[in-house]
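Any value given below was found using the heavy atoms of this structure, including those in side chains, with hydrogens, waters and symmetry copies removed.
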Amino acid sequence: MGFIRDSIHGDLHLSDYELKIVDTVEVQRLRRVKQLGFTNLIYPGANHTRFEHSIGTLYLADKLARKLELDEDIVELLRVSGLLHDIGHAPFSHVSERAMKHRHETICKEIVKDSSITDIVKEKFDPKLIINIIDGKTKYGKIISGDLDVDRMDYLARDSYYTGVAYGVIDTGRLLSSLKYCGDDLVLSTKGVQAAESTLLARYFMYPTVYQHHTTRIVNSMFRVCLEHLLNDKVIKESDLRYMDDGDLIAITRSTPGLPKMTMDNLDTRHLYKKTDTIPLTNYEHPELIVGMDKKNLTIAEEEIAAKLDIEPEEVIIDMPEDLSFKNMNTKVETSDGLKPLTEVSTVIQSLQKAQYNYSDLALFMSKENKEKAQDKNIKLIDYLSLPM
């Protein structure tokens with residue numbers, strides 16, 4: 001038995017079996033992978049890691065499972081699933097993922113199936129069962145991966161705490177106490193609707209304030225292009241990233257001449273790209289079609305703008321905002337008239353579905369010098385993209 005003092009949840013206990021998993025190189029690597037990538041350049045306190053978040057998810061999975069009065073072996077299964085759910089994250093988390101062909105969930109499955117963790121997992125559980133739960137499948141999967149899962153509860157509270165942004169503060173206790181099983185479905189009691197609304201509102205506000213803050217987007221886009229360069233030139237392979245931490249990738253980037261080294265020099269000195277032009281998604285009746293458009297269209301537009309300015313295509317970045325996906329929610333609420341979708345019960349959630357693109361835009365980023373060139377030549381992003389109305 002061991003204890004970890006967590007800044008969000010206090011003293012967390014780990015069994016000897018869980019400590020064996022924690023002490024693997026795969027889990028220890030997460031201590032050196034920042035939860036929010038380069039966001040500490042905007043919010044200096046945002047230096048927390050995937051390791052802290054994974055331990056926090058384990059803790060909340062335990063609290064919810066015990067509140068649901070699940071069998072002890074299921075409680076332990078969910079704790080381990082929470083611990084391992086982010087094991088596939090590459091350095092700088094989601095920043096790197098946007099340059100990769102495979103999402104961290106896919107890499108997580110591969111690690112659980114074939115790594116030093118696998119034999120330890122097999123001592124008590126079938127690795128395929130862990131994978132299914134992390135995927136949100138089986139009766140218990142929604143606890144780890146769902147609309148109101150313990151993963152989201154932890155990262156909202158944790159990211160809010162370390163950035164100093166109050167929008168992520170949620171009533172975790174109320175939300176946990178309001179979830180219950182109805183058959184095989186994890187549903188919300190009527191008394192928990194406000195706690196659910198608060199959680200989803202927190203997520204809504206954290207996106208423009210932290211996750212999609214305009215400077216965060218610029219920094220992340222600059223590094224994404226840099227990583228794409230490293231991958232395309234075979235300086236590193238995508239399969240190598242699962243073994244690297246932030247420091248490893250930074251070291252390679254600093255030592256690679258050309259765009260990679262220049263990018264790190266610019267980040268070190270905060271010589272950041274500037275927003276040159278923008279297209280608000282609220283200008284369009286179906287913004288979800290724009291968010292879901294083929295990224296090849298953006299690449300072609302980047303190349304055309306670069307040719308117009310007589311610069312390299314890698315010096316032009318068109319950034320697509322993330323989709324909050326409030327329209328794809330499956331949570332049900334137990335009402336006097338039976339189970340009803342949360343989106344039907346809550347007018348707040350209905351409003352979020354309409355408002356989710358209020359802060360979203362397609363943005364053109366370039367260096368200060370190239371921005372001046374673009375302004376001189378009256379470069380407009382809309383002239384290079386055919387967007388669905």
Side-chain angles (χ1 to χ4, degrees), residues 29-53 89-100 104 158-159 161-165 208-238 240-276 302 306 309 311-322 363-374:
R29 182 185 68 91
L30 297 182
R31 290 182 182 272
R32 305 181 299 279
V33 176
K34 287 191 177 68
Q35 174 85 359
L36 294 181
F38 290 95
T39 302
N40 63 334
L41 294 181
I42 295 88
Y43 295 100
N47 293 303
H48 54 303
T49 67
R50 287 281 156 185
F51 179 82
E52 298 165 60
H53 166 58
H89 266 294
F92 298 105
S93 300
H94 291 289
V95 181
S96 296
E97 191 165 33
R98 296 190 72 177
M100 298 164 61
H104 73 275
R158 197 169 298 277
D159 294 349
Y161 178 84
Y162 281 105
T163 58
V165 173
T209 311
V210 177
Y211 308 134
Q212 292 281 282
H213 182 283
H214 67 278
T215 308
T216 301
R217 286 178 66 186
I218 289 171
V219 173
N220 290 350
S221 296
M222 290 173 66
F223 192 78
R224 170 179 58 79
V225 172
C226 165
L227 180 54
E228 288 171 347
H229 187 96
L230 292 171
L231 291 168
N232 292 337
D233 286 357
K234 296 182 170 46
V235 176
I236 57 174
K237 296 183 294 185
E238 183 171 318
D240 294 335
L241 291 171
R242 72 185 65 185
Y243 306 109
M244 294 182 184
D245 57 34
D246 294 358
D248 295 328
L249 187 52
I250 288 293
I252 292 170
T253 305
R254 290 193 196 284
S255 61
T256 304
L259 177 70
K261 185 177 186 307
M262 183 178 69
T263 298
M264 283 314 307
D265 289 344
N266 285 334
L267 295 183
D268 287 340
T269 58
R270 285 187 62 85
H271 189 123
L272 307 181
Y273 278 18
K274 306 297 181 185
K275 183 181 284 190
T276 303
E302 290 169 345
L309 298 175
I311 59 178
E312 294 297 320
E314 61 195 20
E315 296 182 71
V316 180
I317 300 175
I318 300 175
D319 185 62
M320 178 73 75
E322 292 184 30
L364 174 62
F365 302 143
M366 288 188 281
S367 68
K368 180 180 178 181
E369 298 77 16
N370 288 335
K371 177 179 178 178
E372 292 171 355
K373 289 182 185 179

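- Looking only at side-chain heavy atoms (C-beta outward), Leu41 and Thr215 stay at 4.5 Å or farther from each other.
- Looking at residues two or more places apart in sequence or on another chain, you find a side chain to side chain contact (heavy atoms under 4.5 Å, CB included) between Lys275 and His214, Thr278, Asp361, Ala363, Phe365.
- Remark: Ala306 pairs with Ile311, Pro313, Val316 by the side chain to side chain contact (heavy atoms under 4.5 Å, CB included) rule, at least two apart or across chains.
- In this structure, Glu315 and Leu309 have side chains that are not in contact, with every pair of non-hydrogen atoms separated by 4.5 Å or more.
- A side-chain donor-acceptor contact under 3.5 Å links Glu302 to the backbone of Ile318.
- Note that the CZ atom of Phe223 and the CZ atom of Phe38 stand 4.5 Å from one another [nearest 0.5 Å].
- A 4.5 Å side-chain heavy-atom check between Arg224 and Asp319 finds at least one atom pair inside the cut-off.
- Using cut-offs of 30° and 60° on the angle between ring planes, the pair His94 and His104 is perpendicular.
- Of all non-hydrogen atoms in Lys274 and Lys371, the two that sit nearest each other are CB-CD, 3.7 Å.
- Taking the side chain as every heavy atom from C-beta outward, Thr49 and Leu30 never approach each other to under 4.5 Å.
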Steps toward side chain to side chain contact (heavy atoms under 4.5 Å, CB included) verdict (Phe92, Ile250): CA-CA 10 Å; Phe92 298 105; Ile250 288 293; 3.6 Å; yes

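- Interatomic distance, Glu238 CD to Leu227 CG, rounded to the nearest 0.5 Å: 8.5 Å.
- Pairs engaging residues 33-53 under the salt bridge (charged side-chain N to carboxylate O under 4.0 Å, His left out) rule: Arg50-Asp86 [sequence neighbours left out].
- Without hydrogens or angle criteria, Thr216 side chain to Gln212 main chain gives no donor-acceptor distance under 3.5 Å.
- Taking OG1 of Thr163 as the start and CG of Asn47 as the end, the distance is 11.5 Å to the nearest 0.5 Å.
- Screening His271, Arg270, Met264 for a side chain to side chain contact (heavy atoms under 4.5 Å, CB included) with Leu267, the sole residue that qualifies is Met264.
- Ring to ring, Tyr162 and Tyr43 are not that close: their centroids are 6.0 angstrom or more apart.
- In terms of heavy atoms, Pro260 sits closest to Thr253 at O-CG2, 3.2 Å.
- Atom CG of Leu241 sits about 6.5 Å away from atom CG of Leu249, to the nearest 0.5 Å.
- Of all non-hydrogen atoms in Val33 and Met244, the two that sit nearest each other are CG2-O, 4.4 Å.
- Using a 4.5 Å heavy-atom threshold, the side chains of Leu231 and Ile236 count as touching.
- The two atoms that bring Tyr243 and Asp248 nearest to each other are O-OD2, 4.2 Å, heavy atoms only.
- The distance from atom NE2 of His229 to atom OG1 of Thr256, rounded to the nearest 0.5 Å, is 8.0 Å.
- Of all heavy-atom pairs spanning Arg31 and Phe51, the tightest one is NH2-CZ, 3.4 Å.
- The two residues Asn40 and Gly37 come nearest to each other via the heavy atoms OD1-O, 3.9 Å.
- In this structure, the side chain to side chain contact (heavy atoms under 4.5 Å, CB included) partners of Glu372, at least two apart in sequence or on a different chain, are Lys368.
- Looking at residues two or more places apart in sequence or on another chain, you find no side chain to side chain donor-acceptor pair (under 3.5 Å) involving His213.
- Between Lys373 and Glu369, none of the side-chain N atoms (NZ, or NE/NH1/NH2) sits under 4.0 Å from a carboxylate O, so this pair counts as no salt bridge.
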Between Asp159 and His48, does the side chain to side chain donor-acceptor pair (under 3.5 Å) criterion hold? Intermediate values first, please. CA-CA 8 Å; Asp159 294 349; His48 54 303; 2.7 Å; yes

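- Summarising the geometry, atom CG belonging to Asp240 is positioned 7.5 Å from atom CD1 belonging to Ile252; distances are rounded to the nearest 0.5 Å.
- Arg32 pairs by the salt bridge (Lys or Arg N to Asp or Glu O under 4.0 Å) definition with Asp245, not counting sequence neighbours.
- Considering Val225, Ile218, Val219 as possible partners of Met222, the one that fulfils the side chain to side chain contact (heavy atoms under 4.5 Å, CB included) test is Ile218.
- Arg98 is not listed as a side-chain neighbour of Asn220, based on a closest heavy-atom distance of 4.5 Å or more.
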